[in-house]
Amino acid sequence: MNIFEKDSAFVANTYARFPVALVSGKGSLVYDQNGKEYIDMSTGIAVNTFGIADNEWINAVTEQLTKIQHASNLYYTEPCAQLAQILCERTGLKKVFFSNSGAEANECAIKTARKYAADKKGKDYTVIITLKNSFHGRTITTLSATGQDVFHKDFLPLTGGFVYCEAGNTEQLESLVKNNKVCAIMFELVQGEGGVLSLDKDFVNAIFEIAAKNDILTIADEVQTGNGRTGALYSFMKYDVLPDIVSTAKGIGNGLPLGATMMGEKVKDVLVPSSHGSTFGGNPVACAGAVSVINRIDDKLLKEVNEKAEFIINSLKNANGVKSVSGMGLMLGIETEKDASEVINYCMDNGVLVIKAKNKVRLLPALNIPFSLLEKAVEVIKKGCAL
Ligand SMILES: *Cc1c(COP(=O)(O)O)cnc(C)c1O
């Protein structure tokens with residue numbers, strides 16, 4: 001059997017894969033089973049922050065790998081503590097819980113919010129407001145938090161206590177707060193899976209005002225937007241707000257599974273021994289890699305991210321076959337006149353990997369993609385949109 005036959009025979013049928021097997025790569029170039037070269041504009045869905053087989057990250061990871069690969073959370077390990085310190089110092093949040101994925105980072109955020117309210121406001125303050133069209137993960141609870149019916153329908157009953165607000169609708173938000181015992185409002189500042197849609201600055205301000213007035217926690221799901229992706233270390237910095245809880249995953253690990261839930265002053269001591277845990281969480285190898293990732297996301301790199309974003313937007317926004325470009329930093333969505341899948345397949349045939357978000361072509365290149373490759377990729381995308 002070849003790899004395609006073997007995979008479809010033995011791997012659970014949950015993914016509609018492209019008919020391509022990725023074998024190796026370097027930076028923003030990746031090669032398939034036939035040796036065909038692609039410019040990677042998808043980075044494994046915003047995961048490979050510094051591209052494929054990045055030397056600095058490999059050094060950090062392999063150095064740790066030769067010392068100790070796992071210790072359990074019954075003992076201290078240096079990379080975990082070091083990463084937590086760096087994250088707190090760079091964000092203004094106060095403590096970090098580590099896990100292995102975005103869904104788990106959000107589970108921790110949800111548990112923290114519920115326990116904060118139970119400790120402080122009363123056990124009936126359990127409701128979390130999330131946004132319509134959001135995406136927060138695939139576990140039953142993060143699925144329940146996800147404001148899209150299509151993901152829900154086959155998995156009822158969902159976890160209770162989630163109500164959904166239309167993004168941008170402050171009136172609805174106020175009425176949901178009035179009519180429910182709310183402990184938190186949870187949102188992506190740029191909805192990724194929902195179609196690369198940035199929240200309105202005014203609406204974000206309204207969330208924070210309403211939350212402050214009612215002692216409601218704010219939870220920013222930065223699983224996709226975090227770690228430099230939007231041109232700030234975390235996208236809340238672009239909105240000039242400081243959430244009580246920030247979850248992240250994807251790009252922090254550069255390819256190794258790692259989730260982080262950062263907790264602000266109000267909630268930093270809500271979780272206590274035995275209230276939460278994770279066997280792999282804070283794994284020293286993943287954390288050592290993440291330390292190298294976060295340390296490289298400095299002002300200089302972020303400036304480059306914003307310049308690259310500007311270049312992509314300017315090249316595409318008035319291009320033939322392009323209706324609009326949305327998003328922030330190197331997390332962009334192209335609304336195309338043609339079906340997005342047609343454009344994606346054209347790009348793939350012509351050596352550029354891009355993916356979909358709802359009806360859009362989504363671009364998530366490595367933060368350090370060289371300008372020369374970016375220019376080449378944008379040319380191909382432009383042609384794909386225009387045909
Ligand atoms: C990808 C994603 C998740 C889920 O992350 P997993 O690592 O797949 O569990 C949650 N929230 C957002 C915003 C995401 O983009």
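Just follow the structure's listing: the first ligand is 1, and inside any ligand the first atom is 1. All values derive from a computational prediction rather than experimental measurement.
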Centroid-to-centroid, F311 to F371, below 6.0 Å?
yes
Side-chain ion pair, [X] and [Y], N-O less than 4.0 Å:
X: E174; Y: K178; value: no
X: E56; Y: R296; value: yes
X: D299; Y: K303; value: no

Can you find a protein heavy atom closer to atom 11 (N) of ligand 1 than 4.0 Å?
yes
Quick one, Y164 with I129, criterion side chain to side chain contact (heavy atoms under 4.5 Å, CB included). Give me CA distance, side-chain angles, the key distance, then yes/no.
CA-CA 6 Å; Y164 313 105; I129 300 174; over 6 Å; no
If we set the cut-off at 4.0 Å for heavy atoms, which region of E188 has an atom near ligand 1: side chain, backbone, both, or neither?
side chain
Heteroatom proximity flag, [X] to ligand 1, N/O under 3.5 Å:
X: V223; value: no
X: G137; value: no
X: E104; value: no

Any atoms of ligand 1 less than 4.0 Å from a non-hydrogen atom of [X]? List them with their elements.
X: N106; result: 10 (C), 11 (N)
X: S101; result: 7 (O), 9 (O)
X: K250; result: 1 (C), 2 (C), 3 (C), 14 (C), 15 (O)
X: A103; result: 4 (C), 5 (O), 6 (P), 9 (O)
X: D221; result: 10 (C), 11 (N), 12 (C), 13 (C)
X: Q224; result: 15 (O)
X: H136; result: 10 (C), 11 (N)

For Q224 and E193 the tightest heavy-atom approach is NE2-OE2, 3.0 Å
Do K358 and N133 have side-chain N/O donor and acceptor atoms under 3.5 Å apart?
yes
Tell me which protein heavy atom sits closest to atom 7 (O) of ligand 1, plus the residue, atom name and distance to 0.1 Å.
G102 N, 2.8 Å
Which of these, K266, K121, K181, sits in a salt bridge (charged side-chain N to carboxylate O under 4.0 Å, His left out) with D215?
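Among the candidates, only K266 passes.
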Can you tell me if E310 has over 12 outside heavy atoms packed within less than 6.0 Å of its CD?
no
